[in-house]
Amino acid sequence: MNASIAINNRSDRRTGPFSLTLLFSNFPQRIIKKGETLMKNNLSKGYIFYLVEGIVKNLSYHAEKGKEVVNGFHTKGELLNLEVWSKNEAIIPTLKGSSTKAIIKIIPIEQFRELVWKNQGLQQLVFTNLSNKISKSQERLQRLLLSKSSQRVKQFLVDYTLEIGQRVGYEHVIKKPFTHEEMGSLSDTSRQTVTTVLNELKAKNLIHFTRRYILIRDLEQLIIEAKKS
DNA sequence: GCATTAACGCACG
DNA sequence: CGTGCGTTAATGC
């Protein structure tokens, strides 16, 4: 989101101008398209990634079902693979491109550590990233324990809109959205439930959608709806 | 009731 | 023309 902007503002006062683009400019970057994997698991152990642009899916393999499930997604300004900071044999989720092209800086973990020691702005970014990830997973866990599935879908849709939706007048639009199946695993429910909940919301005229986009007509009302029991 | 899975038909992209 | 979606029936808690 605008984490990087917040960082810039804060570090401007104390340590002078801080630009991530500049800081990471000498590291190689990769462009990944929709569905493309960033790096093989055993390789990605050695790196931290910085998402310059686009959206990346975070997937892990569900052995019983024999398929990939979506754990979450990342947006512009996020640091990915931070797990490798503390674990050198972590089970690292696969990172795949989603919707549009994603631009990713590739930073070897040892060089990343050095940069963090020296650079206050980067420290801010790391802490912001970490605390965001922690609250996200806590919220998701709470939701799973306390809400019924239809609420979870609605709440997911709210978060999804706030994170990647674009404002269009009083409405919001999500272009090239996740499939119902993906939204299902993101809100811990089945694909069919997502379909029916979305169609309910469509009938209430709170949203409209096709396979290409989701239009949120009334975000305020959707937020209220997500809290109903 | 609330939710999940299987299954099938259908049509969007 | 494939896979993503809409629906319904069967099953479990």
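Values below: every heavy atom of this structure, side chains too, minus hydrogens, waters and symmetry copies. Proteins come first, then strands; the chains are lettered A, B, ... in the order of their sequence lines, and each starts at number 1.
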Discussion item. What I want to check is whether the side chains of A:Thr195 and A:His180 have a donor and an acceptor closer together than 3.5 Å.
Written reply: yes
Worksheet entry | A:Phe178 versus A:Tyr160, closest heavy-atom pair with distance | N-OH, 3.0 Å
Discussion item. Classify A:Ser190 by what it touches in the nucleic acid, base, sugar-phosphate, or nothing, heavy-atom distance under 4.0 Å.
Written reply: base
Worksheet, complete the sentence: Separation of C:dG4 atom P from A:Leu198 atom CG, nearest Å, is 16 Å
Worksheet item: When you look at A:Glu36 and A:Lys101, which way does the salt bridge (Lys or Arg N to Asp or Glu O under 4.0 Å) test go after all the steps?
Response: CA-CA 10 Å; A:Glu36 210 178 325; A:Lys101 284 176 191 170; over 6 Å; no
Worksheet item: Is there a donor and acceptor pair closer than 3.5 Å between the side chain of A:Arg211 and the base of B:dG13?
Response: no
Discussion item. Checking contacts here: which listed nucleotide (B:dA3, B:dG13, C:dG6) is nearest the side-chain heavy atoms of A:Lys148?
Written reply: B:dA3
Discussion item. Can you measure A:Glu182 atom CD to C:dT3 atom P for me and round it to whole angstrom units?
Written reply: 14 Å
Worksheet item: What closest approach, in Å, do A:Ser185 and A:Arg140 show between heavy atoms, and which atom pair accounts for it?
Response: O-NH2, 3.0 Å
Worksheet item: Rounded to whole angstrom units, what separation is found between the CZ atom of A:Arg212 and the C1' atom of B:dA11?
Response: 14 Å
Discussion item. With a 4.0 Å limit, can you tell me whether A:His180 has a side-chain N or O closer than that to the phosphate oxygens OP1/OP2 of C:dG6?
Written reply: yes
Worksheet item: Nearest to the side chain of A:Thr193 - B:dA3, B:dG13, C:dG6?
Response: B:dA3
Practice prompt. Measure from NZ on A:Lys202 to P on C:dT7 and round the result to the nearest Å.
Written response: 9 Å
Worksheet item: Rounded to whole angstrom units, what separation is found between the CZ atom of A:Arg191 and the P atom of C:dT3?
Response: 14 Å
Worksheet entry | Sugar-phosphate, base or nothing in reach of A:Phe209, heavy atoms under 4.0 Å | sugar-phosphate
Worksheet, complete the sentence: With the side chain defined as heavy atoms from C-beta on, A:Arg152 is closest, among B:dT4, C:dG6, C:dT7, to B:dT4
Discussion item. Between P on B:dC2 and CG on A:Asp188, what's the gap in Å once rounded to a whole number?
Written reply: 19 Å
Fill in: Closest contact, heavy atoms only, A:Ile223 versus A:Val158
CG1-CG1, 3.7 Å
Worksheet item: Whole-Å distance between C:dC5 C1' and A:Glu200 CD?
Response: 16 Å
Worksheet entry | Short side-chain N/O contact to B:dG13 OP1/OP2 from A:Thr210, under 4.0 Å | yes
Worksheet entry | Options C:dG4, B:dT5, B:dA3, nucleotide nearest the side-chain atoms of A:Gln192 | B:dT5
Practice prompt. Specify the separation, in whole Å, of atom CG of A:Asn199 and atom C1' of C:dT7.
Written response: 10 Å
